[in-house]
Amino acid sequence: MANSLNFSQSKYAIVGGGLMGRLLAVALARSGAQVELFDKGGADGEHAAARIAAAMLAPLAESAITEDSVVRMGLHSLPRWKELISELSDSVYFQQDGTLILWHRQDASEAERFAAHLEKNCRSNSDLSAPQKLNSDALRDLEPGVADRFTQGMYLPNEGQLDNRQLLNALASELKLLKVNCHWHTEVDPQELRQQSNYKAVIDCRGTGAKESWSSGDKPNTLRGVRGEVVRLYAPEVKLRRPTRLIHPRYPIYIAPKENDIYVVGATEIESDDLSEMSVRSAMELLSAVYTVHSGFAEARILEMATQCRPTLKNNLPEIRVKKEKGLVDLIMINGLYRHGFMIAPAVLDCALQLLAEGSSKTALELGLSMTQNDNQVEAICA
Ligand SMILES: Cc1cc2nc3c(=O)[nH]c(=O)nc-3n(C[C@H](O)[C@H](O)[C@H](O)COP(=O)(O)OP(=O)(O)OC[C@H]3O[C@@H](n4cnc5c(N)ncnc54)[C@H](O)[C@@H]3O)c2cc1C
């Protein structure tokens with residue numbers, strides 16, 4: 001998509017170089033634009049939700065808790081991730097071998113409910129691949145490492161994951177190669193940059209850092225943080241091949257296996273902007289739940305316990321908001337990626353690029369991504 005658009009002669013400022021800001025900066029620079037990127041943290045992304053995420057790309061699993069528009073964005077994004085990653089100079093681990101769902105015997109009725117929910121979603125969206133029930137032989141074939149503890153499971157085909165930290169690093173290297181002016185460790189207010197008329201537009205990708213901007217205007221939309229806690233483990237004795245989710249009434253967890261025996265384990269969703277360290281309760285729950293999936297986690301080494309907040313709008317859906325004001329350059333605000341940021345980022349990127357190039361986005365209409373201009377919902381935004 002980015003290759004077909006031409007942005008030469010245009011200069012953009014992007015504030016926030018986490019997931020969305022970096023993807024957009026690379027795409028715009030590749031299409032001929034002059035780009036300046038500002039982030040309050042460094043190239044490691046230490047303030048970005050993107051650095052802590054598990055980066056699972058799971059439209060069917062997520063369909064249990066989100067709207068059809070987000071699922072469609074997720075389906076659009078899977079093949080786009082392959083393209084975007086193949087265009088980068090540095091390699092990024094990407095896998096599309098499905099998701100495994102497990103549950104302990106006593107939680108079978110919870111699993112039944114989950115399966116029924118996914119099957120219903122597949123009937124209303126034919127692009128989703130139906131979940132497959134696994135008996136003990138099928139489970140052993142698919143994921144031998146858990147077959148001694150579980151006698152059944154469910155397989156969600158086509159779902160994927162990537163290595164978020166490799167991606168952030170690869171995008172930072174690409175920005176260097178493209179000679180994008182990256183102002184790391186520079187906290188800025190997009191409103192102030194708008195006074196500088198040499199930009200065609202200022203693009204606000206600050207994630208939770210943009211809270212005040214979203215709560216102003218005629219139709220304020222509350223932007224909040226939803227706290228998540230993850231443990232990164234080094235577990236050479238565990239051989240899980242794909243992202244695995246454990247259905248559990250109290251401790252539902254996910255385990256995302258990355259390269260080199262690294263596992264990202266997470267669970268929690270807490271309605272809070274609290275960025276303090278992980279609580280003892282969360283650590284105990286995560287670690288004991290992960291041990292019930294595979295005994296090899298007993299000897300795993302804890303590399304990191306981390307917390308971050310997912311940028312979330314009132315309706316838990318992403319939005320692109322355009323502000324046009326006399327005497328100021330346009331402000332494009334992209335936010336609300338919530339717990340699906342990686343899953344939907346390529347779709348949001350494609351819509352944003354269309355909007356910047358053409359003044360409207362057909363793809364946003366097709367996928368159901370909300371776009372507003374000066375607080376009004378618009379079907380096609382005119383530049
Ligand atoms: C624990 C956890 C697990 C997750 N797991 C998944 C998953 O499995 N799959 C999935 O799809 N998504 C997942 N996500 C969600 C995903 O990480 C986010 O949706 C995504 O990172 C949001 O991207 P963003 O670019 O909007 O914000 P961020 O990635 O947070 O980036 C925002 C950037 O803005 C910068 N910034 C803020 N204020 C300023 C300022 N004033 N000036 C300059 N820079 C500023 C910050 O430093 C940061 O780098 C998870 C998130 C968390 C926290």
Side-chain angles (χ1 to χ4, degrees), residues 13-25 36-59 61-62 66 70 73-74 77-78 81 99 159-165 167-168 171-172 182-193 202-213 223 225-232 243 245 254-256 258 264-270 273 275 278 282 286 305-313 316 318-320 333-349 352:
I14 299 178
V15 186
L19 176 61
M20 239 10 265
R22 281 183 210 210
L23 280 172
L24 203 50
E36 289 205 56
L37 179 75
F38 300 83
D39 196 285
K40 69 175 179 183
D44 281 353
E46 66 270 25
H47 296 304
R51 182 175 163 78
I52 301 307
M56 295 177 292
L57 313 171
E62 290 294 303
T66 190
V70 174
M73 286 180 235
S77 296
L78 272 163
W81 267 126
T99 301
E159 302 206 318
Q161 65 154 335
L162 54 79
D163 188 310
N164 50 325
R165 295 190 178 177
L167 178 77
L168 289 176
L171 289 169
C182 292
H183 305 269
W184 301 117
H185 305 288
T186 309
E187 183 164 356
V188 293
D189 180 350
Q191 278 298 350
E192 283 172 19
L193 289 182
V202 174
I203 308 170
D204 181 352
C205 298
R206 287 178 295 160
T208 53
K211 231 176 267 169
E212 277 174 22
S213 309
L223 178 68
V226 176
R227 176 177 158 107
E229 298 168 314
V230 300
V231 190
R232 284 177 92 85
R245 296 182 185 218
Y254 54 77
I255 307 168
K258 306 299 179 192
V264 178
V265 182
T268 46
E269 275 222 350
I270 302 164
D273 289 320
L275 281 174
M278 184 181 295
S282 297
L286 278 178
M305 289 182 168
T307 56
Q308 250 300 349
C309 289
R310 307 161 176 102
T312 311
L313 289 167
N316 295 351
E319 182 177 324
I320 298 183
M333 298 155 68
I334 305 176
N335 220 310
L337 274 68
Y338 182 35
R339 55 182 273 161
H340 318 289
F342 282 87
M343 185 178 110
I344 64 173
V348 178
L349 172 73

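Just so you know, ligand 1 is whichever comes first in the structure, and atom 1 is the first atom listed for that ligand.
- Contact atoms of ligand 1 toward Q308: 53 (C) (distance under 4.0 Å to a heavy atom of the residue).
- In T186, the part holding a heavy atom less than 4.0 Å from any atom of ligand 1 is the backbone.
- Atoms of ligand 1 found under 4.0 Å from any heavy atom of M20, numbered from 1 in the order shown, are 25 (O).
- Annotation: C309 places no N or O atom under 3.5 Å from an N or O atom of ligand 1; distance criterion only.
- V70 and I344 get closest at one heavy-atom pair: O-CG2, 3.7 Å.
- For a threshold of 3.5 Å applied to N or O pairs, the pair formed by G228 and ligand 1 contains no separation below that value.
- Where the criterion is an N or O separation shorter than 3.5 Å, residue side chain and backbone included, I334 fails it with respect to ligand 1.
- Nearest approach of A54 to Y254, heavy atoms of both residues: CB-CE1, 3.4 Å.
- Checked against a 3.5 angstrom limit, the closest N/O atoms of K40 and ligand 1 fall inside it.
- For the pair V230 and ligand 1, a heavy-atom separation below 4.0 Å is found.
- Considering backbone and side-chain atoms together, P311 places no N or O closer than 3.5 Å to any N or O of ligand 1.
- Look at D189 and you'll find every heavy atom at least 4.0 Å from all atoms of ligand 1.
- For ligand 1, the polar-atom distance check against A49 finds a nitrogen or oxygen pair separated by under 3.5 Å.
- Between A58 and T99, the shortest heavy-atom contact is CB-OG1, 4.4 Å.
- Below 3.5 Å of separation, one finds an N or O of D39 facing an N or O of ligand 1.
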Q. Side chain to side chain contact (heavy atoms under 4.5 Å, CB included) between H340 and M73: does it pass, once the steps are laid out?
A. CA-CA 10 Å; H340 318 289; M73 286 180 235; over 6 Å; no
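- If you look at F38 next to ligand 1, the close heavy atoms, those under 4.0 Å, all belong to the backbone.
- Contact between A25 and L37 at its shortest, heavy atoms only, is CB-CD1, 4.4 Å.
- Counting only non-hydrogen atoms, the option in G45, G21, G207 that gets closest to atom 26 (O) of ligand 1 is G207.
- When P318, G17, A53, G336 are ranked by how near their heavy atoms come to atom 17 (O) of ligand 1, first place goes to A53.
- Checking only distances, A55 does come within under 3.5 Å of ligand 1, N or O to N or O.
- Counting heavy atoms closer than 4.0 Å to ligand 1, residue R51 contributes nothing at all.
- Close N/O approach between A50 and ligand 1 is found [any backbone or side-chain N/O within under 3.5 Å].
- Put simply, part of C205 is less than 4.0 Å from ligand 1, judged by heavy atoms.
- Heavy-atom minimum distance, G225 versus T208: CA-CG2, 4.1 Å.
- Considering backbone and side-chain atoms together, V188 places an N or O closer than 3.5 Å to an N or O of ligand 1.
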